[in-house]
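The sequence lines fix the lettering, A, B, ..., with proteins before strands; numbering per chain opens at 1.
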There are 2 protein chains.
Amino acid sequence: MRPGPKRTLSEEAVLDAAMGLLAEGGAAAVTVRGIASRLGVAPNAVYTYVPNKAAVLSALVERLLGEVDLKALADPATPWRRRLHALALGLRERLIAQPGMVHLLLSGPMDGPNALALGECLLAVLAEAGLDPEPAARASYLLIVYVVGSIALEAAEMDADAPPQPEAERVAARRATFAAVPADRFPRTAAAAETMAGFISTEQFRWGLDRLLDGLTR
Amino acid sequence: MRPGPKRTLSEEAVLDAAMGLLAEGGAAAVTVRGIASRLGVAPNAVYTYVPNKAAVLSALVERLLGEVDLKALADPATPWRRRLHALALGLRERLIAQPGMVHLLLSGPMDGPNALALGECLLAVLAEAGLDPEPAARASYLLIVYVVGSIALEAAEMDADAPPQPEAERVAARRATFAAVPADRFPRTAAAAETMAGFISTEQFRWGLDRLLDGLTR
DNA sequence: ACCTGAACACCGTTCAAGT
DNA sequence: ACCTGAACACCGTTCAAGT
């Protein structure tokens, strides 16, 4: 490929390449040089389309948030609690599917337009749930904290530099870990080992979400 | 400093150096070469005391968790709710004081002895609160998710490569951000801007913790 | 305007020495 | 056993070219 004003690439192509690296090798694999090589271009050519690596990472987060189906979230035909469940579970599914994505999400403020749109939609749903503006705002943040926190803890137990394992295998790995806990020193932990193995599961995620919504609307 | 079997250093010294780098320059500043230079030693000398960088990071997390006052958490003289508040606020204070520490916490599983001890203690407190073993186990995880998630989101808005700013300044920065939100596109967000500026505060942290405990014990 | 080659200032880690 | 110098295979980013 010869130099010249060709504009063979685009910011979108850069983001696609970055996404591919993320999917294959985790957050550590997302490098400017890796993006360039995937695009068949010299490392510094990437800087034509993107100011720096940090911009790539936050653009990836924005892109992910843009994929959330806000129409379904806003649909007044479905009960608000069901809509919040769908949002939380959808976000979880997307974030877990891309190991290392949570780390990108937590590497900077969520202040992009898609993040704002999601927040706005969340406020509307919570208003429908009967919350006044101030509690609704606080509740929206609490929900985000829960979703992101859950996934961050899940991701912490995953091998960051590998493709994601299915949930059943990850739970099995945790079960093995807790089976090795000495019952004399940590009796309660050992007794609840089976429960604790399942913390990394959709079922526990749902349970926690319900306790949270209970606390918010009682 | 000349080579030879001197044992001038120790694993503890390595961790101290790493902690100093973390405090001064955030997570990105914690490098093997930085540790070595801080100890006045060649980069590879560090590998005499520590197998690799990942071991340094998880040891830092373990050290932090070891600083939690489990005796105060277990003290049956204080009401359990107050004890949980103290634990959560204490963890938050420590983690916020070291910018980048949350990223270390989230970079691997919390399966060290101090993490287990903290979990065990948490289970005991929740049992005192009247929860059966299984709900207690789930609740303990939910609490950890909340604390870690809150701090991770707070840290995401902090400059990772700089010493921590006081809470008041961070809230002020957020206020400026939300004041710039266009009210026509995001009316609810703009209306609740003042509330949302305070999400990064001890007060919101307390509020969320109380909603959580409400949901867990109702 | 867009791309290249070369370079700069970094990484983590390894390996063959020296004492 | 412990440390060193040198090296390897990487980073992100910049800069002076070439077309």
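Rounded to whole Å, atom P of dT13(C) lies 18 Å from atom OH of Y49(B). Between R33(A) atom CZ and dT4(C) atom P there is a gap of 13 Å when expressed in whole angstrom units. For the pair Y47(B) OH and dA1(D) P, the interatomic distance rounds to 21 Å; values are reported in whole Å. If you measure from atom NZ of K53(B) to atom C1' of dT14(C), you get 17 Å, rounded to the nearest angstrom.
In this structure, E11(B) contributes its side chain and V50(B) its backbone to no donor-acceptor pair below 3.5 Å. Within the 3.5 Å criterion, the main-chain N or O of M196(A) finds a donor-acceptor partner in the side chain of R174(A). Of the possible polar contacts, one joining the Y146(A) side chain to the F205(A) backbone as a donor-acceptor pair under 3.5 Å is found.
Side chain of P43(A), nearest nucleotide from dT13(D), dC3(C), dT13(C): dT13(D). Comparing dT4(C), dG12(C), dC3(D) by their closest approach to the side chain of T31(B) singles out dG12(C). Distances were taken from every side-chain heavy atom of L9(B) (C-beta onward) to each of dT4(D), dC3(D), dT13(C); the shortest belongs to dC3(D).
Here E120(A) does not pair with R185(B) in a salt bridge; the nearest charged N to carboxylate O distance is not below 4.0 Å. Using a 4.0 Å cut-off between charged nitrogen and carboxylate oxygen, R138(B) and E134(B) count as a salt-bridge pair.
Helical stems of DNA chain C (runs of at least 3 Watson-Crick or G-U pairs, donor-acceptor distances under 3.5 Å) are listed by first residue: C:4-8 with D:12-16, C:12-16 with D:4-8.
Taking atom P in both dA9(D) and dA9(C), one finds a spacing of 22 Å when rounded to whole Å.
In terms of phosphate contacts, T48(A) brings no side-chain nitrogen or oxygen within less than 4.0 Å of OP1 or OP2 of dA1(C).
Contact check for L89(B) versus T202(B): side-chain heavy atoms found under the 4.5 Å cut-off.
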